[in-house]
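Keep in mind that this is a model prediction, so the values were computed, not measured.
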Amino acid sequence: MTARVPPASRLARGSSLWLRLVLLAGLVLASASGARALEAIRVVPQAEAIDLLPAVQAQESRDDRIEIQTARDANGIVRRIEVQAREPGSRPRWIAFALANETNEQIERLLVAPRFKMAGSGVFWPDLAASRIEAITASHGYRPEREEATEADLFLITLDPGSVVTFVAELRGNRLPELTLWDPDSYKDKLNSLTLYRGIVTGIAALLAIFLTIVLALRAALIFPAAAALAWSVLVYLGIDFGFVGRFFGVRPEIENIYRAGAEAVLGGTLLVFLFAYLNLNRWHARYAHITVVWLVLIGALIALASIDPAVAAGIARISIAAIAIIGFVLVLFLALQRYDRATMLVPTWFLLLVWVIAAGLVVNGQIVNDIATPALLGGLVLIVLLIGFTVMQNVFTSSAVATGAVPDAERKALAFVGGGDLVFDWDVSDDHLHVSPDLEAHLGLERGELEGRASAMLDVIHHVDRDRYRTILNALIEQRRGRIAQDLRLVSRDGSVLWYRLKARPVVNREGEVVRVVGTLTDVTSIHLAQERLLHDAIHDHLTGLPNRRLLLDRLESALVAMRSAGTAMIKPSMIIVDVDRFKQINEQIGFNAGDMVLLTIARRLARVVKAGDTLARLAGDSFGLVVVSEQDPQRIMALADLVRRAVSTPITHGERQIYLTGSVGIAFVDDATMVDREAFVRNAELAAIHAKRTGRDRIEVYRASMRSTPQDKLTLAADLRRAIERKELEVQFQPIVRLEDRAIAGFEALVRWNHPRLGRLPPSEFIAIAEETGTIIELGLFVLETTARELMLWQQNLVVDPPIFASVNVSSRQLIRNDLLQDVRNVLIRYPVQPGSLKLEITETLVMENPEYASQMLQKIKELGAGLALDDFGTGFSSLSYLQRFPFDTLKIDQSFVRHDDTGKRPLILRSIVSLAHDLGMTIVAEGAETEADTVELFQLGCEFAQGYVFGPAINLEQTRRLIGINA
């Protein structure tokens with residue numbers, strides 16, 4: 001960096017008039033440039049330190065040099081100097097200040113700019129600058145000399161007697177928190193005193209870390225490595241902040257900020273580990289362990305982030321330390337109130353840590369900026385770690401006294417017995433006296449001493465089913481004079497509730513070999529049996545209605561068929577009734593899932609009143625119920641029962657202030673030669689009859705006939721085949737080109753699914769999508785198409801770099817849109833196959849979004865935020881409101897092919913032009929469907945459509961053909 005100063009001799013020569021003109025011109029130039037004149041700071045020998053920051057002027061330049069005006073010298077002359085940056089082509093920040101020596105002595109001062117200053121560094125994106133000043137240029141006199149230092153940028157400045165010198169400094173970075181002019185001796189004294197303080201603090205921290213490490217070698221408890229790690233992390237942080245690490249290991253100042261950010265992240269991590277280990281949080285709830293692990297993973301990510309962006313990593317680490325202190329204090333107080341000794345001992349120390357965090361927040365935010373703030377904070381941190389070490393040792397000594405105390409073996413067994421929560425069972429056989437723990441009487445709601453006495457007194461509280469077993473096991477133990485008892489018995493309490501207890505006992509034999517006592521324990525195992533019963537019930541019952549599920553219905557049907565086959569001529573033939581609720585999906589979509597559940601519960605209760613003794617009512621699927629009838633044999637009476645079932649479904653249901661009207665399609669199947677040996681076929685026949693009833697008008701009853709199975713497109717067969725098709729990979733995703741009309745280039749594709757049926761051949765979507773919607777298979781089908789399209793789109797974009805990127809569209813069904821899992825599915829797909837934002841488009845029909853516009857708007861907005869594009873399909877065929885349309889976050893509008901094809905009315909261009917104008921006003925691009933001729937494409941382009949698809953550009957093609965079409969050989 002160089003400076004050029006106009007020679008003073010030229011200004012001194014000439015008349016005084018010429019001098020005035022020159023000065024006037026300089027003032028005019030200064031006024032034109034808009035910069036105020038520098039005010040020189042008086043430097044006196046008595047001043048130990050002068051804060052220059054308030055008098056510094058920030059300067060900006062458009063290139064790598066700057067030209068500024070100097071401060072007025074003793075003669076009132078203002079000069080201009082030009083300074084060149086150290087690095088050509090750079091645009092650094094500049095500052096300028098002026099110093100005046102009005103004495104008759106030469107003055108030497110140190111210009112000090114600290115490289116890191118905790119006070120005022122900030123919480124978010126803290127200032128971790130390694131260096132502040134690149135170079136300093138003086139307007140005249142001695143050139144400032146850089147002094148070697150690890151903590152600050154130091155420059156030795158020499159001022160001649162009676163001189164006024166302007167200094168221009170080239171900065172590194174955008175911040176300059178402090179700039180001080182120090183007397184060399186005073187600055188040296190300050191460093192010496194600060195170094196002494198730092199040495200003492202560091203020595204204490206080192207001794208504490210070594211001590212805790214030695215204790216770790218003696219004791220293997222988890223709190224010792226956690227405390228030792230915390231002490232070592234504090235020691236490392238002090239070493240970095242005090243500059244010891246940089247001096248000992250030769251770390252460059254530019255790299256030190258990375259170490260500082262990493263040290264702050266490690267400090268937060270070790271503090272969290274210590275809190276978790278000391279409080280033993282895993283014993284309270286496993287969720288604490290999960291939270292701690294996730295938190296530690298995030299802190300580990302911060303350590304890695306420190307090498308990329310130290311400021312961001314340090315900011316998050318500081319927030320993490322504050323969060324650990326606050327949440328930890330709340331947790332410590334909560335556990336202390338629960339009489340947890342460890343938490344009680346930690347309260348003072350953690351309170352001090354909370355105060356330290358608050359003080360640190362005030363310091364780093366610049367609210368406390370005095371010189372002793374930072375040393376006091378670091379000393380306080382060492383004090384906190386010291387108190388933590390004392391707390392750990394106190395806890396160890398307290399627990400060791402209990403652990404190593406001389407406890408007799410009998411007392412130890414008694415303590416273990418009480419700790420296990422078991423109850424005493426002691427039967428004196430010779431005196432026939434039974435003693436049980438008083439807790440058992442309390443559990444059963446009995447008075448104290450009611451179970452004391454003869455062993456038969458226990459029979460009064462044992463369930464009648466288990467009484468004989470209780471007598472038998474005791475008698476067998478006495479007769480055999482050996483063995484053990486391990487039996488679960490039901491005890492009946494005073495209020496009639498049943499409790500399960502596990503009796504574990506063994507005989508005590510005297511010298512003659514006779515049993516004199518039976519001693520053991522009683523353990524409450526009610527929760528285990530209730531859990532087993534619940535699991536068994538849930539395995540064979542529907543969780544919503546409580547009715548038997550399909551598995552239990554098939555089991556009871558199998559029992560009825562077995563009984564029929566073995567009964568001969570007197571056999572009772574079962575019949576099967578299936579009722580399928582019509583349009584139940586609309587209840588979930590329009591009113592909500594809660595209303596749908598209420599409707600199912602109401603129907604289940606109504607059908608339960610129709611069922612007779614011996615019959616079985618079950619819920620087979622979402623809106624399908626089954627009834628195995630064995631109470632009736634006459635077909636006419638079974639038809640009457642089916643009509644009762646239909647009317648039970650058709651009766652209006654009240655929900656709030658509205659009436660819900662539903663109908664039911666009922667199918668009946670009677671036993672034939674095939675179903676006598678196959679229960680699955682029996683149920684399938686009834687389901688086919690119900691499907692036929694729904695196809696032929698709904699709200700009707702159909703009896704199964706063999707002709708119903710003749711059409712291969714029946715719902716049940718295709719539904720079963722469709723499930724197997726996904727597993728057997730019979731489905732194929734094809735892509736129809738979407739062309740940019742401006743240059744006829746392929747801009748994207750629409751994904752279409754085709755089914756290669758092994759028996760029926762290639763099936764179009766129209767023959768199986770509706771079945772997939774009704775049976776719920778559309779969820780798996782839609783996810784398969786979405787994943788296949790995203791994977792292929794990622795391959796296209798990796799091998800084909802175009803702007804804008806190529807896109808692909810996937811249709812979304814109503815079943816998918818109403819599921820909250822759609823958001824998670826889209827998120828997972830975009831994570832596994834990262835494509836360009838907005839290039840994977842979800843096509844949603846106009847009718848679908850208008851069924852529930854409020855819900856659709858929220859769902860579409862969340863999908864948009866994930867990075868997927870949104871296309872409004874079949875626009876113009878529904879009944880959408882324009883006020884709603886502008887609220888949906890669609891970026892693409894697809895015009896239905898019915899508006900693209902030619903008609904005889906002559907109104908098609910007018911309607912198309914209106915749709916195009918509307919879409920453009922809403923900020924959407926347009927894709928026209930159904931372009932079949934070249935004339936269509938020309939007209940669409942003239943109307944303003946950006947994209948088009950149709951048979952004029954080709955039909956849907958498979959993956960290999962698609963890749964060849966866009967020029968990819970992968």
Just checking, is any N or O donor in the side chain of D580 or S665 under 3.5 Å from an acceptor N or O on the other one?
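Checked: D580/S665 side chains show no N/O donor-acceptor pair below 3.5 Å.
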For Q961 and R964, does a side-chain donor sit closer than 3.5 Å to a side-chain acceptor?
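Distance-only check fails for Q961 and R964.
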Restricting to non-hydrogen atoms, name the atom on [X] and the atom on [Y] that form the minimum distance, rounded to 0.1 Å.
X: A790; Y: V829; result: CB-CG1, 3.3 Å
X: Q734; Y: A956; result: OE1-O, 3.5 Å
X: V666; Y: A642; result: CG1-CB, 4.0 Å
X: F807; Y: W796; result: O-CZ3, 4.3 Å
X: F947; Y: A747; result: CE2-CB, 3.4 Å
X: T616; Y: P548; result: CG2-CG, 4.4 Å

State, with a plain yes or no, whether a side-chain heavy atom of [X] is found less than 4.5 Å away from one of [Y].
X: Q736; Y: L752; result: yes
X: V753; Y: T788; result: no
X: L722; Y: W755; result: yes
X: D643; Y: R647; result: yes
X: I653; Y: R606; result: yes
X: V733; Y: F784; result: yes
X: R754; Y: N958; result: no
X: F735; Y: E792; result: yes

Which distance, rounded to the nearest 0.5 Å, do you find between the [atom1] of [X] and the [atom2] of [Y]?
X: M924; Y: I915; atom1: CE; atom2: CD1; answer: 11.0 Å
X: E843; Y: F890; atom1: CD; atom2: CZ; answer: 10.5 Å
X: R740; Y: I738; atom1: CZ; atom2: CD1; answer: 11.5 Å
X: T789; Y: F749; atom1: OG1; atom2: CZ; answer: 11.5 Å
X: L617; Y: T545; atom1: CG; atom2: OG1; answer: 8.0 Å
X: Q798; Y: Y833; atom1: CD; atom2: OH; answer: 12.0 Å

Checking [X] side chain against [Y] main chain: does a donor-acceptor pair fall under 3.5 Å?
X: D873; Y: I844; value: no
X: D891; Y: L870; value: yes
X: T937; Y: E934; value: yes
X: Q797; Y: I806; value: yes
X: S839; Y: Q836; value: yes
X: N549; Y: L552; value: yes
X: E946; Y: I926; value: yes

Using side chain to side chain contact (heavy atoms under 4.5 Å, CB included) as the criterion, point out the one residue from I577, L553, I638, L607 that pairs with L627.
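Single side chain to side chain contact (heavy atoms under 4.5 Å, CB included) partner of L627 among I577, L553, I638, L607: I577.
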Could you check V579, D699, T663 and say which one makes a side chain to side chain contact (heavy atoms under 4.5 Å, CB included) with R646?
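It is D699, the one option of V579, D699, T663 that forms the side chain to side chain contact (heavy atoms under 4.5 Å, CB included) with R646.
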Run L795 and R963 through side chain to side chain contact (heavy atoms under 4.5 Å, CB included) and show every step you take.
CA-CA 9 Å; L795 176 65; R963 294 173 184 174; 3.5 Å; yes
Exceeds 12 heavy-atom contacts within 6.0 angstrom, atom [atom1] of [X]:
X: R832; atom1: CZ; value: yes
X: K862; atom1: NZ; value: no
X: R583; atom1: CZ; value: no

D555 vs R551, salt bridge (charged side-chain N to carboxylate O under 4.0 Å, His left out): CA-CA, chis, key distance, verdict
CA-CA 6 Å; D555 182 74; R551 179 185 300 178; over 6 Å; no
Run the numbers on L823 and I863 for side chain to side chain contact (heavy atoms under 4.5 Å, CB included), then give the verdict.
CA-CA 6 Å; L823 292 174; I863 294 175; 3.5 Å; yes
Going through the checks in order, is the side chain to side chain contact (heavy atoms under 4.5 Å, CB included) test met by V610 and D615?
CA-CA 10 Å; V610 174; D615 299 343; over 6 Å; no
Could you give me the CA-CA distance, side-chain angles and deciding distance for F888 and L872, then say whether side chain to side chain contact (heavy atoms under 4.5 Å, CB included) is met?
CA-CA 9 Å; F888 296 132; L872 180 60; 6.0 Å; no
With the threshold set at 4.0 Å, does a side-chain nitrogen-carboxylate oxygen contact exist between E750 and K841?
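Salt bridge between E750 and K841, a charged N being under 4.0 Å from a carboxylate O: no.
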